[in-house]
Amino acid sequence: MKKLAIATLTAALLLGAGAANAVEEKFITIGTGGQTGVYYVVGQSVCQLVNRGQSDHGIRCTAPATGGSVANLNAIRAGDQDLGIVQSDQQYKAMKGEESFADAGPNEALRAVFSAHPESFTVMARPDAGIKTFDDLKGKRVNIGNPGSGQRATMDVLMREKGWDTSVFRLASELRAAEQAQALCDNKIDAMLYVVGHPNGSIQEAASSCGAVLVPVTGPEVDKLVTEFPYYATSTIPGGMYPGNAEDVPTFGVAATLVSSTSLTEDVVYQVVKAVFDNFDRFKRLHPAFENLDPERMIEAGLSAPLHDGAVKYYQEKGWM
Ligand code: GLU
């Protein structure tokens with residue numbers, strides 16, 4: 001991935017225009033997740049709004065599919081991505097240098113931009129697998145997710161609370177988010193995990209292609225996580241959102257958040273935030289999971305890293321802080 005500095009061109013030079021009209025062209029990338037998740041839509045939506053103003057600010061935004069939260073946080077730290085969408089629990093852990101980020105240590109350059117939709121820890125099982133509760137996953141073929149994904153990182157946390165390791169499963173596969181619905185319906189696995197906003201394409205695919213069912217995730221270990229850590233909360237997947245899943249399903253969850261680092265300039269982050277909030281009604285219409293977004297909550301909920309200066313500038317102009 002090109003770094004910002006290398007990718008900086010002067011459009012005015014290309015056009016032979018005078019220096020007075022120079023709009024510097026800058027390329028930025030937002031890391032997302034798999035194509036059937038919601039991060040991908042968040043990234044595409046933010047970029048679409050940013051790119052509409054390209055002739056004014058010169059920023060060209062792209063949002064490729066990635067391995068998910070942990071992969072995005074690592075890529076931002078390495079300078080391979082400018083921004084990324086990440087789970088609030090993983091934002092915290094990257095900032096502190098815990099768990100997946102223990103080797104790298106605390107990331108003091110990490111900056112929060114805003115939080116987006118809520119995500120639920122979602123377990124979905126084949127209808128014939130006899131899985132009615134989270135504990136029924138024992139002895140089954142379970143896709144625990146690719147390393148780099150948020151669901152894998154949060155699953156590791158929950159398994160540790162339960163005193164489980166992967167040997168409790170008959171099979172622990174590491175498929176990417178976009179592959180798991182098909183693997184479930186092809187009877188290669190009994191259950192899949194996804195920390196994701198609802199509705200989303202992957203859960204829809206599993207429910208409609210092979211009658212897959214949502215499984216509640218509750219119990220003392222979940223209660224402990226929710227009580228102990230500010231970035232976890234109880235959550236409900238509404239009944240009737242997916243075919244064959246009429247009941248509300250209780251679980252826990254996180255917030256999806258947009259993060260960056262101090263190496264992205266104040267001006268670029270300001271323009272990204274401005275593109276989203278100046279066109280907020282349009283943004284909200286881009287995905288049903290954005291329906292209940294509220295700007296004043298978005299600059300607070302689930303953010304543990306300090307806000308980026310460019311974001312603060314816009315939020316202060318708006319009188320939101
Ligand atoms: N929460 C997932 C992750 O961090 C991604 C969800 C999505 O793509 O919407 O990997």
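Numbering of ligands and ligand atoms starts at 1, following listing order.
Close contacts of ligand 1 with Ser149, meaning ligand atoms under 4.0 Å from a residue heavy atom, involve 10 (O). Listed by atom number, the atoms of ligand 1 under 4.0 Å from Gln151 heavy atoms are 1 (N), 2 (C), 3 (C), 10 (O). When each atom of ligand 1 is checked for a heavy atom of Ser69 under 4.0 Å away, the hits are 3 (C), 4 (O), 10 (O). In summary, the atoms of ligand 1 found under 4.0 Å from a heavy atom of Gly150, numbered by their order in the structure, are 3 (C), 4 (O), 10 (O). Every atom of ligand 1 is numbered from 1 in the order shown, and the set under 4.0 Å from a heavy atom of Gly68 is 10 (O). Ligand-side atoms of ligand 1 in range of Tyr194: 6 (C), 7 (C), 8 (O), range being under 4.0 angstrom from any heavy atom. If you number the atoms of ligand 1 from 1 as listed, the ones under 4.0 Å from a heavy atom of Gln87 come out as 1 (N), 2 (C), 3 (C), 4 (O). Each of the following atoms of ligand 1 lies closer than 4.0 Å to a heavy atom of Val38: 7 (C), 8 (O), 9 (O).
Seen from the ring of Phe283, Lys274 does not count as a face-on cation partner, given the 6.0 Å and 45° thresholds.
Not a single N or O atom of Gly67, backbone or side chain, sits closer than 3.5 Å to an N or O atom of ligand 1.
Side-chain contact annotation: Thr257 with Ser115, donor-acceptor N/O pair under 3.5 Å absent. Under the 3.5 Å distance criterion, with hydrogens and angles disregarded, a donor-acceptor pair is assigned to the side chains of His198 and Thr122.
Counting heavy atoms from C-beta outward, Ile59 and Gln54 have side chains that stay 4.5 Å or more apart. Contact check for Phe121 versus Tyr232: no side-chain heavy atoms found under the 4.5 Å cut-off.
The pair Glu161-Lys224 meets the salt-bridge criterion, since a charged nitrogen lies less than 4.0 angstrom from a carboxylate oxygen. Note on Arg141 versus Asp190: salt bridge recorded, some NZ/NE/NH1/NH2 to OD/OE distance being below 4.0 Å.
Without hydrogens or angle criteria, Gln91 side chain to Ala305 main chain gives a donor-acceptor distance under 3.5 Å.
Contacts with ligand 1 closer than 4.0 Å are made by side-chain heavy atoms of Glu119 only, the backbone lying farther away.
The closest protein non-hydrogen atom to atom 6 (C) of ligand 1 is Val195 O, 3.3 Å. For atom 5 (C) of ligand 1, the nearest protein heavy atom (residue, atom name, distance) is Tyr39 CE2, 3.5 Å.
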